Structure formats: C-alpha cells, structure tokens
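Note that the structure is a prediction, hence the values are computed from the model and not measured.
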2 protein chains.
Amino acid sequence: MDIQLKRGLLDVCVLAAINSEESYGYKIIKDMAPLVELSESTLYTILKRLETANMLTVRTAEHAGRLRKYYRITDAGRRRLEEFKSDWSEMNRIYRFITKEDAQ
Amino acid sequence: MDIQLKRGLLDVCVLAAINSEESYGYKIIKDMAPLVELSESTLYTILKRLETANMLTVRTAEHAGRLRKYYRITDAGRRRLEEFKSDWSEMNRIYRFITKEDAQ
DNA sequence: CGCGATACTTCGTGATACGATGTATTACAC
DNA sequence: GTGTAATACATCGTATCACGAAGTATCGCG
C-alpha cells in the first residue's frame with residue numbers, strides 16, 4: 001500500500017488500538033499487523049509523539065521480569081478520533097472527485 | 001483537514017485533474033481549490049515529481065504572450081489511478097477497524 | 001502608471017516513516 | 001546448559017514531502 005496514503009492513518013490507528021483498553025508497544029504492533037504493517041521504530045516514534053501531544057498517558061510496570069510501558073488514551077486522544085471521522089467524509093468527497101474525473 | 005491525511009491524495013488528485021484533458025499549473029490549482037487547498041509551491045513540486053516518475057508529460061506553449069506548461073497524463077499515470085482505487089478499499093478496511101475500536 | 005490576476009520557480013524548514021542497530025530478559029528446544 | 005527465537009523498548013541517520021516566503025515576468029484594466 002502507498003506509504004503516503006498510510007501516513008494519515010497511523011496515528012489514529014494507534015489511538016484506536018488503545019481505545020478500548022490500555023496496551024503496550026509490542027502488543028499494539030501485533031494487533032495492527034494484519035491490517036497495517038508498521039515497524040517498531042515507527043511505532044515508538046508515534047507513541048512518543050502522541051504522548052507529547054497529550055493524546056495518551058504512559059505508565060511503566062513490570063511484567064514477568066520485563067519492563068513494559070502501558071499506554072492509555074486521554075480525552076484529547078478521543079477527540080482526535082472524532083475529528084478523524086469528520087476528516088474521513090471529506091476524504092470520501094475527494095475520492096469521488098478522483099474517480100469521477102477518472103471515468104471520463 | 002489533517003495534513004497527513006491529505007498527503008496521500010495530492011498526487012492522485014493532480015493526476016485526476018489532468019486525466020480528462022491536459023491542463024496547466026494555475027488551472028489545476030483553481031480546479032482543485034474548492035476540494036483541496038494546495039499552494040503553488042506544493043503543486044509545482046508534485047508536477048515535477050510526477051514528471052520524473054513518467055506519470056505525465058509536459059509541453060510548453062505560448063498563450064496570450066505568456067508561457068504555459070501543459071501537462072498530459074501517461075499510461076503509467078492512469079495505472080497509478082487504478083492502484084489508488086484498490087488502495088482505497090484497503091483504507092476503508094482500516095477505517096472500519098478504527099471506528100469499530102472506537103465504539104467500544 | 002499602478003495594481004491585481006496570471007503563471008511558473010527556487011530555497012529553506014519542519015514533520016515524518018523507516019531501516020539499521022543496539023540492549024536486555026524470558027521461554028523453549030536440543 | 002547453551003543457543004535461538006520471542007518479547008520489549010530505544011536511538012540514529014536518511015529520504016521524502018508539504019509549504020511558506022520570496023522572486024521573476026506578462027497582461028488587462030482603471
């Protein structure tokens with residue numbers, strides 16, 4: 001899939017992945033893998049970015065002798081998901097423009 | 001609208017704008033303006049990129065004393081539009097994932 | 001003559017995805 | 001008990017990209 005097209009979805013996908021319950025990096029990647037491939041370096045960059053933007057909070061906890069960072073979505077994060085939904089209808093309008101011109 | 005989301009559409013929008021008939025930079029911007037805002041610097045960057053990728057061809061012609069560069073889509077450009085359509089169904093799958101997680 | 005519209009160009013910057021590489025522990029097979 | 005895969009996170013450098021700013025030049029109109 002086209003990288004540029006994917007770009008706009010990554011942040012929101014990560015937010016969606018932690019929306020129902022908190023999760024951690026490694027699990028987020030595994031959860032998203034069937035739908036969207038993303039490398040670890042990309043994911044951790046995104047998580048850091050979303051944390052800076054206050055769209056999620058982090059807590060570190062030990063699990064089976066290893067440290068894990070658990071990410072939890074914030075209200076700002078949920079608002080971001082809502083905004084995405086309205087952006088999506090705009091995207092659909094543009095899609096129709098593209099396919100309309102295409103048909104001629 | 002979110003810039004990242006827009007990114008994936010710009011190239012394809014420009015291709016769609018010259019798909020039915022050849023056009024030139026200034027007109028492309030005006031045609032797209034109601035749907036997608038894009039600055040001149042962005043457009044000309046995109047046109048150069050698409051030319052390098054052989055998705056369009058350019059011819060320069062004089063019009064009312066001014067030089068215009070007319071852009072015409074190529075077969076590769078049309079294939080790109082086709083690819084975009086299949087990418088779009090993938091995008092829709094991801095969208096459903098995001099809104100599904102969102103509902104919980 | 002001045003100004004806005006037309007038309008294209010170049011430069012610098014900030015944001016971003018990602019491969020490569022590194023660190024460290026656990027679980028399991030041989 | 002040793003190696004190897006899986007788990008888990010971090011950092012660095014690079015390439016791509018959108019865009020604002022600024023510039024050049026012509027035409028039409030008041």
Side-chain angles (χ1 to χ4, degrees), chain A residues 1-15 17-18 22-33 35-53 55-71 80 87 90-91 94, chain B residues 1-15 17-18 22-33 35-53 55-72 80 87 91 94:
Chain A
M1 185 178 163
D2 178 41
I3 300 173
Q4 297 307 316
L5 214 47
K6 209 172 111 181
R7 269 177 105 99
L9 297 178
L10 289 179
D11 281 34
V12 192
C13 268
V14 171
L15 284 175
I18 61 167
E22 65 173 5
S23 187
Y24 54 95
Y26 203 79
K27 182 169 191 297
I28 294 172
I29 289 179
K30 298 293 166 199
D31 286 349
M32 288 177 53
L35 212 65
V36 193
E37 260 179 86
L38 87 168
S39 67
E40 296 181 43
S41 58
T42 304
L43 200 239
Y44 290 111
T45 306
I46 291 172
L47 287 170
K48 187 66 103 180
R49 181 163 66 237
L50 290 174
E51 189 193 351
T52 305
M55 300 214 180
L56 50 78
T57 54
V58 194
R59 69 176 180 95
T60 304
E62 202 182 307
H63 175 86
R66 262 192 295 264
L67 282 181
R68 264 189 197 164
K69 291 177 94 171
Y70 287 94
Y71 300 90
R80 178 79 175 75
D87 276 352
E90 203 165 330
M91 290 282 282
I94 298 172
Chain B
M1 187 178 162
D2 179 42
I3 300 173
Q4 298 306 317
L5 213 47
K6 207 172 114 182
R7 268 175 107 100
L9 296 178
L10 289 178
D11 281 34
V12 192
C13 268
V14 171
L15 284 175
I18 61 168
E22 65 174 5
S23 187
Y24 54 96
Y26 204 78
K27 183 169 190 297
I28 294 171
I29 289 179
K30 298 293 167 198
D31 285 348
M32 288 176 54
L35 212 64
V36 193
E37 261 179 85
L38 86 169
S39 67
E40 297 182 40
S41 59
T42 304
L43 200 241
Y44 290 111
T45 306
I46 291 171
L47 287 170
K48 187 66 105 181
R49 182 165 63 238
L50 290 173
E51 188 193 353
T52 306
M55 301 217 179
L56 50 78
T57 54
V58 194
R59 70 178 178 93
T60 304
E62 202 183 305
H63 176 85
R66 261 193 295 263
L67 282 181
R68 265 190 197 161
K69 293 178 94 171
Y70 289 93
Y71 300 90
R72 183 189 295 272
R80 178 78 175 75
D87 276 352
M91 289 281 282
I94 298 171

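Across D/dA8, D/dC17, D/dT7, the shortest atom-to-atom separation from the side chain of A/Lys30 is found for D/dT7. When the nucleotides C/dT6, D/dC17, C/dA15 are ranked by their closest atom to the side chain of B/Arg49, D/dC17 comes out on top.
B/Ile3 meets the side-chain contact (heavy atoms from CB on, under 4.5 Å) test with no other residue; sequence neighbours excluded.
Within the 4.5 Å cutoff, side-chain heavy atoms of A/Val14 are placed close to those of A/Met32.
Annotation for A/Ser23 and A/Ala17: closest pair CB-O, 4.5 Å, computed over non-hydrogen atoms.
Atom CD1 in B/Ile29 sits roughly 10 Å away from atom C1' in C/dC8 (whole-Å rounding). Atom pair B/Leu9:CG and D/dA18:C1' shows a separation of 14 Å (rounding to whole Å applied).
In this structure, a donor-acceptor pair under 3.5 Å is present between the side chains of B/Tyr70 and B/Arg68.
When each of B/His63 and A/Ile46 is assigned the nucleotide of DNA chain C bearing its nearest heavy atom, the one mapping closer to the 5' terminus is B/His63.
The side-chain contact (heavy atoms from CB on, under 4.5 Å) with A/Leu10 is formed by just one residue from the set A/Ile46, A/Leu15, A/Thr45; it is A/Ile46.
At C/dT9, one or more side-chain N or O atoms of B/Lys69 fall inside 4.0 Å of OP1 or OP2 (strictly under the cut-off). Between D/dA6 and A/Tyr26, no contact under 4.0 Å exists linking OP1 or OP2 to a side-chain N or O. Dashed line: the shortest gap from a side-chain N or O of A/Arg68 to OP1 or OP2 of D/dA8 is under 4.0 Å.
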**Asked** What string of B, S and - do you get for nucleotides 19-30 of chain D 5' to 3' if you count protein non-hydrogen atoms under 4.0 Å?
**Response** BBB----BS---
